[in-house]
Amino acid sequence: MCLFQCMMNYFPEEVLDHVFDFLSSHRDRNAVSLVCKSWYSVERFSREKVFIGNCYAVNPERVLARFPRIRSLTLKGKPHFADFNLVPHDWGGHVYPWIEAMAKNGINLEELRLKRMVVSDESLELLAKSFPNFKSLVLVSCEGFTTDGLAAIASNCRYLRELDLQENDVDDRKGQWLSCFPESCTSLVSLNFACLKGEVNMAALERLVARCRNLRSLRLNHAVPLDSLQKILVQAPQLTDLGTGSYVHEPDSETYIKLKNAIQKCTSIRSLSGFLDVHVQCLPAIYPICTNLTSLNLSYAPGIYSNELMKLISHCMKIERLWILDTIGDTGLGVVASTCKELQELRVFPSDLYGVGNAAVTEEGLVAISAGCPKLNSILYFCQQMTNAALITVAKNCPNFIRFRLCTLNPTIPDAVTNLPLDEGFGAIVKSCKGLKRLSVSGLLTDQVFLYIGMYAEHLEMLSIAFAGDSDKGMLYVLNGCKKLKKLEIRDSPFGNVALLADIGKYETMRSLWMSSCEVTYGACKSLAEKMPRLNVEIINEGDQIEASPDARQRVEKMYLYRTLVGPRRDAPDYVWTL
Amino acid sequence: MSLNNQLESEYSGSLKTELTLGLPGGAQAPKSAVKRGFSDTVDLNLYTNSEDEVNVATHTQPPPAKGQVVGWPPVRSYMKKKMMTVNCKYVKVAVDGAPYLRKLDLQIYTSYKELLVAFQNMFTCLTICNVIANESKIVDISNGTEYLPAYEDKDGDWMLVGDVPWNMFVESCKRLRLIKSCEKLKLMKSSASLETSSSTSC
């Protein structure tokens, strides 16, 4: 090692630069930049893709100063629990300052990937006009923009390759944003507007698809009717990823026959999604492409019932990633288990969000999957009930889980057979799955489950806890045991000041900690903030629960703390206090 | 018959009020009870944003157990909103004299013909009879009782099924009811059409 390092120091920096080109993972690059000053320097000039997991951990100026050759920026904003309405909409996470700073510094930005950020039309307009080589915009779970902003992107980004809008809350101005792609635009490779609510001009869409010969990924919204889908597929048989629009038509019509023929020619499709509006009698048209699918997302297709789902899935032998609703039932999961031997990732979402009384899945389905799918490594499973015995069996069958997220529809339900807590079941999972990086627990749980997690989950990076535990000991087991923990989010659990303050240095090794409806008090949060200047400790004080000069003993409803190099943020709304 | 009445009140508190919908003026109070009943099962306000957490507390009927916990199950609000737009097409189907209602998803059908077949499958004592040209009737062949399908539209009016194009019907239909033909007379007393029911005893 010493000899190697000496040899490396004799190499000119150009060689180091060339070697570092092979490093794409930001973790590898971060590690490399810590070796010595010379490596830090070479690495920072050669890094083109920058990943920032918390936009408030650093600021645009520092990022651009360190990485002047940046071409691709990934930013994440709000904490994860914002997805479930636990964070007010205007909490923060604005992208504008970042775009503004890059525009001012003459950055040659080509790619921007944002998750849970607030993106204004103004930001999109500035983005579109400031970076002539801009190629790729990916927005996931963002909000704050309208189709006017999209029109600016379409009009100005001459070399746009990718416009990928995933699950954003977009105000549809019913303009003609898609028609703003000029006739000269032929560069699109990926277009996903499934989350938009309004109509687009069908003729413009069909022409756009026809002239973009490199188009590989196309996800339509539900306003695109089936006859347009048919025409589009005729123009783009080279697609590898398709999201259908409205999949409703008379099955014995000429349009449907044309669709069947068009789909048969799409032999490259490996990924399929959509079907929000669906007429199940039209589903047989897609059976021919099912055999080649590696990814299938039917989580927005409540119209496809269990029988139809099973028929469909029986064609999908090569599926590696499957997202479905619990309407599939345990029986349907049995079909998955016997058909999908290549399955790596399964997500089963709840269909009955409004008490309509639909099917759910139980521990039986999960056990069947674990027994039938040897390559399974990632699961998100919303279920009616669970048992320790089932989890122990799953742990034995699948020691390769990287992500294991279980969500019982009743958050504190015990073992369905023994009525005991589910501690032993989750304990078996963490003990068996040595590579586990992400875990979400639910059901009736005591401090014991956290003892197991702290003891066995050595590689755990993210843990989600809700309605679990008995005392501070639970949280302490986790903080003491999980050395690689990066994100901890806790709601409605009896963890308080003792746990919060036991090892305050730990939080600088983590990205963030969220605690809501727990037992931590204002005084403890203030004390923590005072001792740790490189943490932002934010209290979200909605509805003025805490008065201007609060009592130290008052419970804090929502606390979010994160490590940062740049101190308290200046864009927090009135009700967010950075202590 | 008394058992049926008891079951009626158990399974649908609004069923009794449905029978009085034909009376003008008396329709107001029962209608709002009916609307609350419907929105109870498809509550458009739960979870949409944090302001509505306050609305949950003031909701007159207690939400289901799941609904009492904000943000549980942890499903992205985007997904909840999206699924909500689809689930709205589930409508209640009431059959006069039956002890409980059913639900069907209008979106899975593409024509009135398919809808009648669905009624036939759902309420197995009923069969479709094509009595007069252009007018299919649903009949309980065991006792000869005829039913006419009616629906409540967005304005709260009860309409006979079949007059408007299918898509328009799906868009405006809030609930369905298979009315015994003699009941139809009570509802449409302003209309003089007595084409079928006078001979049918209730």
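We use all heavy atoms of the structure for the numbers below, so side chains are in, but hydrogens, waters and symmetry mates are not. By convention in this document, chain letters (A, B, ...) are assigned in the order of the sequence lines, proteins followed by strands, and residues within each chain are numbered from 1.
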>> To check you understand the geometry: which heavy-atom pair defines the closest contact between A:Q166 and A:V138, and what is its length?
In response: NE2-CG1, 4.2 Å

>> Restricting to non-hydrogen atoms, name the atom on A:P494 and the atom on A:G469 that form the minimum distance, rounded to 0.1 Å.
In response: CG-O, 3.3 Å

> Relative to chain B, which of A:F84, A:F81, A:F382 shows the most heavy atom pairs under 4.5 Å?
Replying inline: A:F84

> Given a strict heavy-atom distance threshold of 4.5 Å, which part of A:Y305 is in contact with chain B: side chain, backbone, both, or neither?
Replying inline: side chain

> Taking only residues two or more places apart in sequence or in another chain, which ones pass side-chain contact (heavy atoms from CB on, under 4.5 Å) with A:E308?
Replying inline: A:V280, A:L283, A:Y287, A:I304, A:K311

> chain B heavy atoms under 4.5 Å from A:S440: which part of the residue, side chain, backbone, both or neither?
Replying inline: neither

> Is chain B contacted by the side chain of A:S464, its backbone, both, or neither, given a heavy-atom distance below 4.5 Å?
Replying inline: neither

> Just by modelled atom types, is the A:P251 backbone N or O under 3.5 Å from a matching donor or acceptor in the A:S253 side chain?
Replying inline: no

> Of the backbone (N, CA, C, O) and the side chain (C-beta and beyond), which part of A:E167 lies under 4.5 Å from a heavy atom of chain B, both, or neither?
Replying inline: both

> For A:N168, which residues count as a side-chain contact (heavy atoms from CB on, under 4.5 Å) partner, sequence neighbours excluded?
Replying inline: A:L139, A:C142, A:F145, A:L165, A:V170, A:C195

> Is it the side chain or the backbone of A:E143 that comes within 4.5 Å of chain B heavy atoms, both, or neither?
Replying inline: neither

